Amino acid sequence: MTNSSLWWQTGVVYQIYPRSFQDSNADGIGDLPGIRSRLAYLEWLGVDAIWISPIYPSPMADFGYDVANYTDVEPTFGTLADFDHLLADAHQRNLRVLLDFVPNHSSDEHAWFIESRSSRTNPKRDWYIWRDPAPHGGPPNNWESFFGGSAWTFDSRTGQYYLHLFDPKQPDLNWRNPDVKAAMFANIRFWLDRGVDGFRIDVIWMLYKDEQWRDNPPNPDYQPGDPYYTRQLRIYTEDQPGIHELLQEMRAVFDEYDERVMIGEIYLPYAQLMRYYGPSLNEVHLPFNFALVNNQTWTAPAVREIVNSYEAALPEEATPNWVLGNHDRPRIASKVGPAQARIAQLLLLTLRGTPTCYYGEEIGMIEGDIPPESIVDPEALRTGQRGRDPVRTPMQWDDSPYAGFSPAPAWLPLAEGYATRNVAVQRDDPTSMLSLTRRLMQLRRSLSALLNGGYRAISLDSDDGNREAVFAYLRANDDQRVLVVLNFTDTPQQLDLSALATNGVVHCSTAMDTSGTVHLARLVLRPNEGLLIELE
Ligand code: GLC
């Protein structure tokens, strides 16, 4: 990569869950004017782009991932004019704005579905996926919804079942129908014409389903307590033949415009995931890399293996990307604890490629405790499992009663500890997670090796335990070599890295108390310490 890198190849993406970021009208729900009022913060923090989870009119059965109209704004969030103002302000501050496109399904309250379900002969009938009952009655096959139960709901008016891989209020669109494709591409253009810088695209690897409607096999590794949606191997409802050609057509829509980015939500093993870049990088610009999100073993060897195998699998010239958490999955600080969350942040912001930061990660936000009467996530309500409410609690701005998120009680309870874990407290504390994050974002801009340098893992000696405790890697270009050394344990580590250089200058320590020149023959890491060192 050279100076001509595109913004999305080097920038940091910040995910905003709009219900939970900032409320401007005291209804306890975040909104677009609220986000707009926090742009100065995001600029100060140093992110390059915001991705806002769905903001379209929606009955909120899945909090916006059930879209009733793809070309307008949900009144709870504001108006189209509010959106235009937000976009203009963001652009003025050099922040890009990405929206969330939800192509796999609409709301059952979308005008298309209302028509489709009205009769078997309605012109929109085939816009959704309707099937007769099985020969002896019951759903057409065994496909299960991610949110529990059959993925088919019977509609007595017309005597057929419709498919919904998610909630019954989220009927799946029929992407094999050319009119659906054309209408959805027009919806993408609507926002790109307005100046939106790209989209994160929801469950993009599921748009096609098996044309023979075969049963999905049970997952032999499923254990009680595992997420409900892992009960079946979804081999006939995801990653189907033809999907790549379809997504290449979708990409061509983005390519009608300058510098717009197409990011795909794809949970697949690396070998399948990499195909979504396309045979000539003509498909998804950034197929989300969820390896760290899925990872359950936060150790140096496990994380080293994840990074090395990703780097090895990546197609030539493809832009890598990294994610620690999102609105569906556990928060990193809850998963690995506060000390290791700092290591995770240093990792995220110094690996090769585009990092995505979920709102609150920059202050080490932990998951909320949701009492049963406050549970609203359809996944939790239908499966009886924990669901996603805990990771969607309001952003913690200050220690006022509703954390500066709203003057009114919020739609979800605040996470514990918000009075001390918030932006106002951390902003002026040089040792805080927020200061660490901001420093790393600044370093990404000032150290060219972090933006365009290659990646190489450093072999460590297992005799003295370093291999098990520490993950070290080099980011280097022709001008600069930056070494990142991460101690995954709570014991001090001493390393001899003199094979790389004699001395180095510490630009950042997660412990915040190592600085100046270090000698690589005797590099000492404190417990849970990560260092970013420019080699001499
Ligand atoms: C994606 C979203 C999730 C949503 C689902 C259905 O996985 O991230 O929040 O429930 O798709 O749209």
Side-chain angles (χ1 to χ4, degrees), residues 13 15-21 30 51-70 74 98-110 113 128-129 143-149 151 153 162-173 175 184 187 199-207 209 227-230 232 234 237-239 262-268 273 276 284 286-290 293-294 321 323-331 356 358-359 367 375-383 385-393 411-412:
V13 177
Q15 181 190 356
I16 292 177
Y17 195 68
R19 293 180 73 81
S20 302
F21 198 61
W51 145 36
I52 313 176
S53 283
I55 56 167
Y56 319 104
S58 167
M60 297 287 162
D62 190 17
F63 298 106
Y65 285 94
D66 47 323
V67 178
N69 177 352
Y70 287 94
E74 159 65 30
L98 311 180
L99 290 183
D100 205 316
F101 185 53
V102 190
N104 180 67
H105 43 264
S106 72
S107 162
D108 65 339
E109 297 181 32
H110 194 292
F113 189 71
Y128 291 83
I129 299 178
W143 294 352
E144 285 184 347
S145 154
F146 276 75
F147 296 164
T153 288
Y162 67 88
L163 180 70
H164 52 85
L165 294 184
F166 295 89
D167 195 86
K169 284 185 67 64
Q170 292 167 294
D172 280 45
L173 282 152
W175 273 85
M184 291 300 265
N187 288 334
F199 281 98
R200 173 269 191 189
I201 306 183
D202 194 63
V203 296
I204 197 171
W205 81 115
M206 296 188 196
L207 298 186
K209 285 82 186 174
Y228 183 94
Y229 58 80
T230 61
Q232 290 187 334
R234 297 173 172 271
T237 44
E238 54 183 44
D239 200 30
M262 177 173 170
I263 304 181
E265 185 203 20
I266 305 168
Y267 286 90
L268 283 175
L273 178 71
Y276 284 77
V284 182
L286 300 174
F288 262 144
N289 166 15
F290 291 129
V293 172
N294 287 333
N321 76 88
V323 185
L324 296 174
N326 59 37
H327 64 293
D328 296 324
R329 297 299 172 101
R331 277 197 178 271
T356 296
Y358 184 46
Y359 83 92
E367 293 169 15
I375 296 176
V376 289
D377 175 20
E379 184 189 357
L381 293 172
R382 287 178 180 278
T383 62
Q385 295 187 327
R386 189 164 159 276
R388 303 165 297 178
D389 295 324
V391 307
R392 298 172 175 180
T393 59
W411 73 289
L412 278 176

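In this text the structure is predicted, and so the values were computed from the model without any measurement. Counting convention: from 1, in listed order, for ligands and their atoms alike.
- Distance check: His164 NE2 to Asp66 CG gives 13.0 Å after rounding to the nearest 0.5 Å.
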As a test of reading the model: which N/O atoms of the protein lie under 3.5 Å from N/O atoms of ligand 1, and at what distance?
| residue | atom | partner | partner atom | Å |
| --- | --- | --- | --- | --- |
| ligand 1 | 7 (O) | Glu265 | OE1 | 3.2 |
| ligand 1 | 7 (O) | Glu265 | OE2 | 2.8 |
| ligand 1 | 8 (O) | Arg200 | NH2 | 3.0 |
| ligand 1 | 8 (O) | His327 | NE2 | 2.8 |
| ligand 1 | 8 (O) | Asp328 | OD2 | 2.5 |
| ligand 1 | 9 (O) | His327 | NE2 | 2.9 |
| ligand 1 | 9 (O) | Asp328 | OD1 | 2.7 |
| ligand 1 | 9 (O) | Arg388 | NH1 | 3.3 |
| ligand 1 | 10 (O) | Asp62 | OD1 | 3.4 |
| ligand 1 | 10 (O) | Asp62 | OD2 | 2.5 |
| ligand 1 | 10 (O) | Arg388 | NH1 | 2.9 |
| ligand 1 | 11 (O) | Asp202 | OD1 | 2.9 |
| ligand 1 | 11 (O) | Asp202 | OD2 | 3.1 |
| ligand 1 | 12 (O) | His105 | NE2 | 2.9 |
| ligand 1 | 12 (O) | Asp202 | OD2 | 2.7 |

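- Every ring pair (Phe, Tyr, Trp, His ring centres under 6.0 Å) that Phe63 has, sequence neighbours left out, goes to Trp411.
- Residues satisfying the salt bridge (Lys or Arg N to Asp or Glu O under 4.0 Å) test with Arg331, not counting sequence neighbours, are none.
- Within the structure, salt bridge (Lys or Arg N to Asp or Glu O under 4.0 Å) contacts touching residues 99-108 (residues at least two apart or in different chains) are Asp100-Arg200, Asp108-Lys169.
- Partner of Thr237 under the side-chain contact (heavy atoms from CB on, under 4.5 Å) criterion, chosen from Phe146, Trp143, Trp205: Trp143.
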*Carefully, step by step, assess Gln15 and Asn326 under the rule side chain to side chain donor-acceptor pair (under 3.5 Å).*
CA-CA 8 Å; Gln15 181 190 356; Asn326 59 37; 5.6 Å; no

